Amino acid sequence: MSFVVNGNAVPGPADPRVSLLDHLRETLHLTGTKKGCNQGACGACTVLVDGERILSCLALAVQYDGREITTIEGLAETAALHPLQAAFIEHDGFQCGYCTPGQICSAIGMAAEARRGVPSHVSADLAADVILTRDEIQERMSGNLCRCGAHNGIIDAIQATMAPAPTAETSAELAA
Amino acid sequence: MTPFTYLRADTVNDAVRLGAGETAAFLGGGTNIVDLMRETVARHETLVDVTRLSAAVTETAEGGLLIGAAATNTAVAEHHGVRTRYPMLSRAILAGASAQIRNMATVGGNLLQRTRCTYFYDTDGSHCNKRAPGTGCDAREGFNRIHAILGASDACVATHPSDMCVALTALDAVVHVEGRDGARTLPFGELHRLPGDRPDLDTVLAAGDLITAIELPPLGVAARSTYRKVRDRASYAFALISVAAAIEMDGDRIADVRIAFGGVAHKPWRATKAEPALRGELASEAVFRAAAAAEFADARPLRDNAFKPELATRTLAAVLAELAKGDVA
Ligand SMILES: Cc1cc2nc3c(=O)[nH]c(=O)nc-3n(C[C@H](O)[C@H](O)[C@H](O)COP(=O)(O)OP(=O)(O)OC[C@H]3O[C@@H](n4cnc5c(N)ncnc54)[C@H](O)[C@@H]3O)c2cc1C
Ligand code: FES
Ligand code: FES
């Protein structure tokens, strides 16, 4: 078996017990993806599979044969930062940085879900288009814990990048 | 984790053939079974990956929906027909776990996920009849805040952790199963068991039985329905108590109603006593509370969960009041 990680074809694991997380970190030496709890409770290990966010610690690598995996190392297309990475710096979206790769991969998956119209637990109308308010981002990102408590900065960074806040003109229009 | 062989099934027949026997298990998204195997709560020699079987959500001839067991929890929650005709099901799924887990988790795996009783997980230090039959139950006299108040036994006081299953119970869903002797269906309410003296068995399925689909019957009352979950934090936590409810009003009178509770028993709990107490009545707080009282008359709270009957009662009353007014989308 083989899969594609950040655009490169790579071999699968030798043992089916190996999680996608351990395979990325220990075999492929992509250590950007972090191991927090190893039991699905923190989100530090979040990666994108065919654009969908998943937890690599609960994923058996063998199951992902033929799939395209994107980790924090593969987000930016050039040497420059991905806009969301830059926004995390700008908005103080971290302290120690341990949860950050998972937060960023998760937010990118989250934005795609919102564009597709996936509702959330706090959506008042299940059938309406999604507007990424602070409440919506908070709920949709609840699978990513930050032990340093940088959540406010994290939400600011996501909101600024994925759901630009109304400018002076647009809020004047809204008020009118 | 003990070593295992990984096999992938491309057809239902393959899956049933490969998954036969006591030492094999099916693999959905892996979000529960991988954890259980890592903790050595579960030891399987073969895992048969069933995520490439049907994940389709299709209309049935009767006007309901057929949901392939490999559909992800996210795919079901976002399906337009589910959102508009069975909103309690979308809401129940969206109240569970996290988005990453819902993207991985399958319908089949959600139904068969195991209890979150901490003694069940604690292989080194605790007695648990569900994990190791005959060893005793440390939860009965231990920390049992999250445990059952209805239908428990001396052997086991665990609760079923799923949110989705609470809605499926209320919606009269039907489970499609493929086993050694071919295909069969069973009403959702008969899938999960009460513990009795065999708490090691969560369901009536035999080893090797594959869940292939869940069928939602056409159910007008479900259009006005919702799910309310009460938990220790606002998101990403299992339920202390949850309520799935649907109502159809005739003026101020309750024409029809469906109710199920989560967090109260070893199985998702259909409120067979509260429902008849509500049908035909004028909607009021007193009537809602009386219906809940009928349901919880037999409740046997444990040391740490005496709050549950009242919490469930208040939650039901609040949900029915909103639904009766038509406040819930
Ligand atoms: C941190 C965390 C928080 C969570 N919070 C919640 C919550 O709040 N609410 C909630 O409801 N759930 C919650 N969950 C549980 C989650 O919903 C389940 O783990 C998930 O639904 C299981 O689906 P899966 O496809 O990953 O199953 P797997 O882990 O792959 O399998 C689970 C079981 O189902 C069996 N199985 C799978 N598919 C089939 C099939 N087609 N036929 C027969 N047997 C099958 C497997 O053999 C296994 O025994 C949480 C999980 C985690 C890790
Ligand atoms: S390491 Fe995967 S969720 Fe914590
Ligand atoms: S920045 Fe330290 S855990 Fe989030």
Side-chain angles (χ1 to χ4, degrees), chain A residues 1 12-13 15-20 37-43 45-66 102 105-107 109-110 112-114 116-128 130 135 138-145, chain B residues 1-8 27-39 46-47 49 51-52 72 74-75 77-80 82-84 86-105 121 163 226-229 233-237 327-329:
Chain A
M1 70 160 284
D15 186 319
R17 285 177 291 182
V18 176
S19 67
L20 183 57
C37 63
N38 210 32
Q39 55 180 19
C42 76
C45 64
T46 304
V47 299
L48 299 165
V49 175
D50 299 330
E52 297 256 333
R53 51 180 169 162
I54 66 147
L55 298 179
S56 60
C57 72
L58 293 181
L60 294 175
V62 278
Q63 255 194 308
Y64 290 82
D65 190 11
C105 287
S106 184
M110 187 272 301
E113 289 159 16
R116 199 167 86 214
V118 180
S120 87
H121 173 62
V122 299
S123 305
D125 180 351
L126 286 176
V130 178
D135 275 357
Q138 204 167 314
E139 164 59 24
R140 288 166 190 268
M141 291 296 295
S142 74
N144 292 83
L145 308 190
Chain B
M1 205 186 295
T2 50
F4 62 87
T5 306
Y6 168 87
L7 301 169
R8 185 188 298 145
L27 174 66
T31 61
N32 191 214
I33 201 170
V34 169
D35 194 28
L36 291 170
M37 285 181 71
R38 212 173 258 158
E39 300 294 328
T46 307
L47 287 186
D49 186 345
T51 55
R52 311 238 171 153
T72 65
T74 302
E78 75 172 303
H79 186 272
H80 188 257
V82 176
R83 283 197 248 174
T84 51
Y86 309 94
M88 69 155 76
L89 180 56
S90 285
R91 294 231 177 255
I93 294 170
L94 295 169
S98 68
Q100 290 97 314
I101 294 171
R102 296 192 295 269
N103 284 344
M104 302 170 80
Y121 265 85
D163 292 297
T226 194
Y227 185 77
R228 178 77 53 86
K229 178 174 178 181
R233 59 181 186 198
S235 190
Y236 203 14
D327 277 359
V328 177

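Since the model is a prediction, treat every value here as computed from it, not as a measurement. In the text below, chain A, chain B and the rest are named by the order of the sequence lines, each starting its count at 1.
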Interface residue of largest heavy-atom contact number with chain B, from A/Glu113, A/Arg116, A/Glu52, A/Met110, under 4.5 Å: A/Arg116
Check: A/Pro119 main-chain N/O paired with B/Arg83 side-chain donor or acceptor under 3.5 Å: no
Heavy-atom proximity to chain B below 4.5 Å, by part of A/Ser120: backbone
Part of B/Ser90 within contact of chain A (heavy atom distance under 4.5 Å): side chain
Closest approach of A/Ser19 to B/Arg38 (non-hydrogen atoms, all atoms of both residues): CB-NH2, 3.6 Å
Side chain proximity check, A/Leu58 to B/Gln100, heavy atoms < 4.5 angstrom: no
B/Leu47 and A/Arg17, any side-chain heavy atoms less than 4.5 Å apart: no
For chain A, the option from B/Asn32, B/Ile101, B/Thr84 that forms the most heavy-atom pairs under 4.5 Å: B/Ile101
Test side chain to side chain contact (heavy atoms under 4.5 Å, CB included) applied to A/Ala107 - qualifying residues, sequence neighbours left out: A/Leu84, A/Met141, A/Ile158
Contacting moiety of B/Ala77, where chain A heavy atoms sit under 4.5 Å: backbone
Contact origin within B/Thr2 toward chain A - heavy atom pairs under 4.5 Å: backbone
Chain B contact via A/Cys45 - which portion, at a heavy-atom distance below 4.5 Å: neither
Closest heavy-atom pair and its distance - A/Cys42, B/Tyr236: N-OH, 3.6 Å
Nearest-0.5 Å distance, CG of residue B/Asp49 to CG of residue A/Asp65: 10.0 Å
Option in B/Ser98, B/Ala234, B/Gly29, B/Pro3 with maximal non-hydrogen atom pairs under 4.5 Å from chain A: B/Pro3
When A/Asp15, A/Val49, A/Val118, A/Leu145 are compared by non-hydrogen pairs under 4.5 Å with chain B, the top option: A/Val118
Flag, side chain of A/Gln63 to backbone of B/Arg8, donor-acceptor distance under 3.5 Å: no
Distance in Å, A/Gln39 CD paired with B/Tyr121 OH, rounded so as to fall on 0.5 Å steps: 8.0 Å
Within-4.5 Å side-chain heavy-atom neighbours: A/Leu126 and B/Leu94: yes
Between B/Glu39, B/Arg233, B/His80, B/Met104, the one whose heavy-atom pairs under 4.5 Å with chain A are most numerous: B/Met104
Flag side-chain contact, heavy atom, 4.5 Å: B/Val34 against A/Leu60: yes
Partners passing salt bridge (Lys or Arg N to Asp or Glu O under 4.0 Å) against B/Arg102 (at least two apart in sequence or in another chain): none
